[in-house]
There are 2 protein chains.
Amino acid sequence: MTLDERKRKILESIIKDYVETAEPVGSRAVVKKHDLKVSAATVRNEMADLEEMGYLEQPHTSAGRIPSQMGFRYYVDCLMEKENLDEQEFESLQNVLRENLQERDNLIEDIAHFLSQVTNYASFVILPTVKFNEFKNLQIIPVEKGKALLLVVTDMGMIMHRKIGIPESMEVEELQAVARAFTQIFGSKKLDKIRRGDLQQIRDALKQRRNVIDNALEAIDNLLKNSKNEKVMISGTLNILNEPEFKDLDKLKRILTVLDEDGPLKNIIPELVGDNVDIRIGRENQNEDINEMSLVFAGYKSFGEMGKIGVIGPVRMEYWKAAGTVESVRDFLEELFKQRF
Amino acid sequence: MTLDERKRKILESIIKDYVETAEPVGSRAVVKKHDLKVSAATVRNEMADLEEMGYLEQPHTSAGRIPSQMGFRYYVDCLMEKENLDEQEFESLQNVLRENLQERDNLIEDIAHFLSQVTNYASFVILPTVKFNEFKNLQIIPVEKGKALLLVVTDMGMIMHRKIGIPESMEVEELQAVARAFTQIFGSKKLDKIRRGDLQQIRDALKQRRNVIDNALEAIDNLLKNSKNEKVMISGTLNILNEPEFKDLDKLKRILTVLDEDGPLKNIIPELVGDNVDIRIGRENQNEDINEMSLVFAGYKSFGEMGKIGVIGPVRMEYWKAAGTVESVRDFLEELFKQRF
DNA sequence: GATTAGCACTCATGCGGAGAGAGTGCTAAC
DNA sequence: GTTAGCACTCTCTCCGCATGAGTGCTAATC
């Protein structure tokens, strides 16, 4: 379905106005603000057409029009021009990163914060699960009497660690031998391919120092379990309180509930297709609780695995800004990770 | 100011009723529900007295009474009996812990979650800053080409770590020498006594391998900065949405804003006095934004440092349950930390 | 002197109807 | 194809009234 120039212009006007004001837009307003060369009556006729085609809807007979979700979809697909970070925002992004380059998790949290601050929507960052990294080596470092730190290092340079108990009498060399044995047995296996059975196998192979082995196995098991969970960070959920469409407490509660916990959100974010910024408008989302919300998100790579960042806001969203921002931040982040992690 | 038996009973009745219903309590209701042996008229007289004394207040002339903040204070000080975790709750607490004994931070997060689930209020856990731990030793572990893990271990067994870059050519022995030097120079210093100046000093002392030293110093600096920040975890803020006193959107927004970010909350929680559960009711809190909220909190010890846990809810709070729960969880947690960390 | 029944009074709350205002659709003229 | 004009529709807000809960006070009672 393709629209002629004038219809497109009218649709865009209505979307821009409606996004700004959250009020139905009347024919007069369209003519005035975007000085079309035609009268309100003409615009009214066009609006009636657009409604019939499904791009607009009317809350009630004597109100103006608002864009339908389909209208937004058309806008996003055919009319939108992404608005990337401006200079000032870009600089402030760089500052965020400069502060926090040491720890990936902190950094990612700040990225989420930045996203929600710039867009005024809620934002999320999903840390990747560790699936494709390969086990590279395992170390056990004694740190104090009876305690050691177990490190698992992957081929992509990711480090995971747990504290374990060791017998006080144990020599460093002995620990190293155990670690080497582990390394040898797991070597080059993809992390998500290590199964409980494999762990058991090692237990049988290494006869000496049973309890260290057991402690280590428990720790590894725990690490793997942990790395299989996608960690989710959500920021700026309270921006939703400012949106007039959620002044209804019940609606608000439902949405905040979804955003408050990690579990639901993970299920909401769809799998990505391709490298582009992806947009899901309202009912395009599977989840019922957020069929009045839109997602704008993209994937990023870190330690060879895919994570996601994005924003979530009302259907009446500044898609141009959101999409541009998500894209800019993603690109920046990836560039950074390429150098760093 | 001491109240006679009957006044106490009436006050308590009104508090219990009001906490449950959030509605002003009338004289008839008091007589009926808590079968006093007197008539409504008598209760009315007593209520008028209690109001004059400041324990009750009247939203408007033809409404019942609600407890004043002073009334709640009296209740908490003189009438309340803490209600500790029941068996079932206790068991579910143990399950939470069993799941997550490996990592302190995860565990603490689950504790916060548990608290808010049991009490139906928002809860918070503040991880202690590291002030009194002493520097014990420093290790640098090569993990892959050009990368090493720097570990700082304290006398209480706390381990902090950062990844640093090292020259690819560097030998393990050389790294160990650097680490030993660090250990020697910082040895037994309290962490919060290590200053930028000290770091500079080391830089001068160790002439060899400048860039490793610099990387290590940056990492240590970063770790120390990080450990000086109290980390705050907040959970169950959405429970507030269920409280009728916050159906007003503006009020809600103000409160959620305070609870959403770590910064404000840190400033709200007062210093603890003694080992007891501490209760701050409404305006007893300094912060204006939460003068309609109450805090119930207590301190816990971990790695020799003090952290805090607690709940935050409306002044109309089930103090008996909240205080009992916070106390039970704190005791349990401390017992656990004594064995574990 | 304390307690109680009775009653007038107060005030929040909910409901319905009137009036204003915004915006439409339709018709007829350009 | 476009436009001016106009009747019509529907929401929103404000006002007044009835309702009902709960009080305070007075006078009677234990």
Side-chain angles (χ1 to χ4, degrees), chain A residues 3-11 13-18 20-68 71 244-245 247-249, chain B residues 3-11 13-18 20-68 71 244-245 247-249:
Chain A
L3 301 178
D4 66 43
E5 179 64 22
R6 192 166 67 188
K7 282 202 175 56
R8 284 214 300 269
K9 204 156 179 183
I10 290 176
L11 178 57
S13 299
I14 292 176
I15 284 181
K16 291 268 176 173
D17 259 35
Y18 177 66
E20 191 181 336
T21 64
E23 304 273 304
V25 185
S27 51
R28 265 177 60 86
V30 172
V31 176
K32 264 194 181 170
K33 282 213 190 159
H34 305 266
D35 48 35
L36 297 201
K37 297 281 171 289
V38 292
S39 77
T42 309
V43 172
R44 274 205 288 283
N45 289 329
E46 297 282 46
M47 280 161 78
D49 287 354
L50 283 167
E51 181 173 357
E52 205 176 350
M53 290 187 253
Y55 297 117
L56 295 179
E57 41 196 47
Q58 215 172 5
H60 53 88
T61 33
S62 73
R65 301 297 205 297
I66 63 176
S68 66
E245 35 266 88
K247 62 185 191 313
D248 174 27
L249 256 184
Chain B
L3 301 178
D4 66 43
E5 180 62 25
R6 193 167 67 190
K7 282 199 174 60
R8 284 213 300 271
K9 204 155 179 185
I10 291 175
L11 177 57
S13 300
I14 292 176
I15 285 181
K16 292 267 175 171
D17 259 37
Y18 178 66
E20 190 182 336
T21 63
E23 305 273 303
V25 184
S27 52
R28 265 177 59 86
V30 173
V31 175
K32 264 194 181 168
K33 282 214 189 157
H34 305 266
D35 48 34
L36 298 201
K37 298 280 172 288
V38 291
S39 76
T42 309
V43 173
R44 275 205 289 283
N45 289 328
E46 296 283 46
M47 281 161 77
D49 288 353
L50 283 167
E51 181 174 359
E52 204 176 350
M53 289 188 255
Y55 297 117
L56 294 179
E57 40 195 49
Q58 215 171 4
H60 55 88
T61 32
S62 72
R65 301 299 206 296
I66 64 176
S68 66
E245 35 266 87
K247 62 187 191 311
D248 173 29
L249 256 183

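Treat the numbers as computed from the prediction; the structure is a model and nothing was measured. Reminder, nothing fancy here: chain letters follow the sequence lines and each chain counts from 1. Note that these values count all heavy atoms, side chains included, but never hydrogens, waters or copies made by symmetry.
- The nucleotide range of DNA chain D contacted by chain A, defined by atoms under 4.0 angstrom from heavy atoms of the protein and reported 5' to 3', is D:dT2 to D:dT11.
- Interface residues of residues 28-45 of chain B facing DNA chain D, ordered by number: B:Arg44; criterion, heavy-atom separation under 4.0 Å.
- Atoms CD (B:Glu46) and P (C:dT3) sit 7 Å apart, rounded to a whole Å.
- Annotation: side chain to side chain donor-acceptor pair (under 3.5 Å) contacts of B:Glu57 (sequence neighbours excluded): none.
- Contact between the side-chain N/O atoms of A:Ser62 and the OP1/OP2 oxygens of C:dA22 is not found at any separation under 4.0 Å.
- Within the 4.5 Å cutoff, no side-chain heavy atoms of B:Lys9 are placed close to those of B:Arg6.
- With contacts defined as side-chain heavy-atom distances shorter than 4.5 Å, the pair B:Asp17/B:His34 qualifies.
- Whole-Å rounding puts the A:Met47 CE to C:dA22 C1' distance at 13 Å.
- Residues B:Leu3 and B:Leu50 are in side-chain contact: their nearest non-hydrogen atoms beyond the backbone lie under 4.5 Å apart.
- Under the 4.5 Å side-chain criterion, counting only non-hydrogen atoms from C-beta, A:Arg65 is not in contact with A:Val30.
- Take B:Ser68 and apply the side chain to side chain donor-acceptor pair (under 3.5 Å) test, not counting sequence neighbours, and it matches no residue.
- Rounded to an integer number of Å, the gap from CD1 of B:Ile66 to P of C:dA12 is 14 Å.
- Residues forming a salt bridge (Lys or Arg N to Asp or Glu O under 4.0 Å) with A:Glu52 (at least two apart in sequence, or on another chain): none.
- Among residues at least two apart or in separate chains, side chain to side chain donor-acceptor pair (under 3.5 Å) pairs with a member in residues 24-33 of chain A are A:Ser27-A:Arg44.
- Here C:dG23 presents its P atom at 15 Å from CD of A:Glu51, a figure rounded to the nearest Å.
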